[in-house]
Amino acid sequence: MTVSLAAPRTNHAKFITFEGIDGAGKSSHVERARELIAAAGLPVICTREPGGTALGEQVRALFLGNSMSPHTEALLVFAARREHLEKVVWPALARGEWVLCDRFTDATFAYQGAGREIGAAFVESLANITHPAFEPDMTLLFDLPPDAAQNRVAGRGAADRIEAESVAFHERVRRSYLERAAASPNRIRVLDTRESKEAVAERVVTLVKSLLP
Ligand code: TMP
C-alpha cells in the first residue's frame, strides 16, 4: 500500500508553526502573522493542534478532558495530526495557501517527550511514520519562564489538566523547546515574551516578512 505523503510544494506557500509553554502568549501573534500575509495578497489559513478538523477537535476534547497514559497522549495527538495534515494542511499548501498552525510536532517533543518524560525517541518514531520528511518552514517559539507563564494562565480562568501541571513539568517543557531551538536555529526562532508585546509583535512581523516572496 502506498502511504500518501505531503504533496511536493512547487509554490511559495509556507507552513509556519507557533509554539511555547502554556501562558507564553503565542496565540495573539498568530492573527498578526495572518494579517501580514493576507496584506501581501497571499492566501492564508490559521489552524491549531490538537484540532483543526472535526475529528481533531473531538480528539482535543478527549485529550484535554481525560487523564491517560503519557504514551497514549502522544499516540492520540499524532492520530489527530495525521488527519489534520491529510485533510487540511497538505491540501492547503498544495493549493498555494500559507498555513499558520498553533502548535505542531515540536509540542509533542516538549510536552510528552520531556514534560511527561516518555523520551524523544518515541516521539521521533511517531513523527517519522506520521509525516516523513515534513516539517515547518519556520517555527516561532514564544519563550517565558514558567512562573511568569503560570501567572498569565491563572488570569485566564480555569486551567486545563496540562496547564495545571507543576512548574517542574513546565520547566522540562520549556527546556526541551529551547534545546530544539538550539539544535535547529534556522527553523525555530525564539521570541522572549518578557519583552513588551509591541517588541515581540515587531519581531513576529520581521520574521514572517523574511519568508514572503
Ligand atoms: P493550546 O492551549 O496551546 O491550544 O494547547 C493545548 C494543550 O495541549 C497545551 O497545554 C499543550 C498540549 N499539547 C500537548 O501536550 N502535546 C501536543 O502535541 C500538542 C499539540 C499540544
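Start at 1 and go down the list; that is how both ligands and their atoms are numbered.
Residues Val208 and Leu191 are members of one and the same hydrophobic cluster, defined by side-chain heavy-atom contacts under 4.5 angstrom among Ile, Leu, Val, Met, Phe, Trp and Tyr.
Side chains of Thr105 and Arg81: a donor on one and an acceptor on the other come within 3.5 Å. The closest side-chain donor-acceptor pair between Arg180 and Thr139, if any, does not fall under 3.5 angstrom.
Scanning for side-chain contact (heavy atoms from CB on, under 4.5 Å) contacts around Glu179 gives Arg175, with sequence neighbours left out.
If you take OG on Ser125 and CZ on Phe78, they are separated by 8.5 Å, rounding to the nearest 0.5 Å.
Enumerated by chain and number, the residues approaching ligand 1 to less than 4.0 Å through a heavy atom are Asp22, Lys26, Glu49, Pro50, Arg60, Phe63, Leu64, Val77, Arg81, Arg103, Ala107, Thr108, Tyr111, Gln112, Ile162.
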Arg174 vs Asp147, test: salt bridge (charged side-chain N to carboxylate O under 4.0 Å, His left out). Steps then yes/no. CA-CA 11 Å; Arg174 181 191 188 204; Asp147 44 359; over 6 Å; no
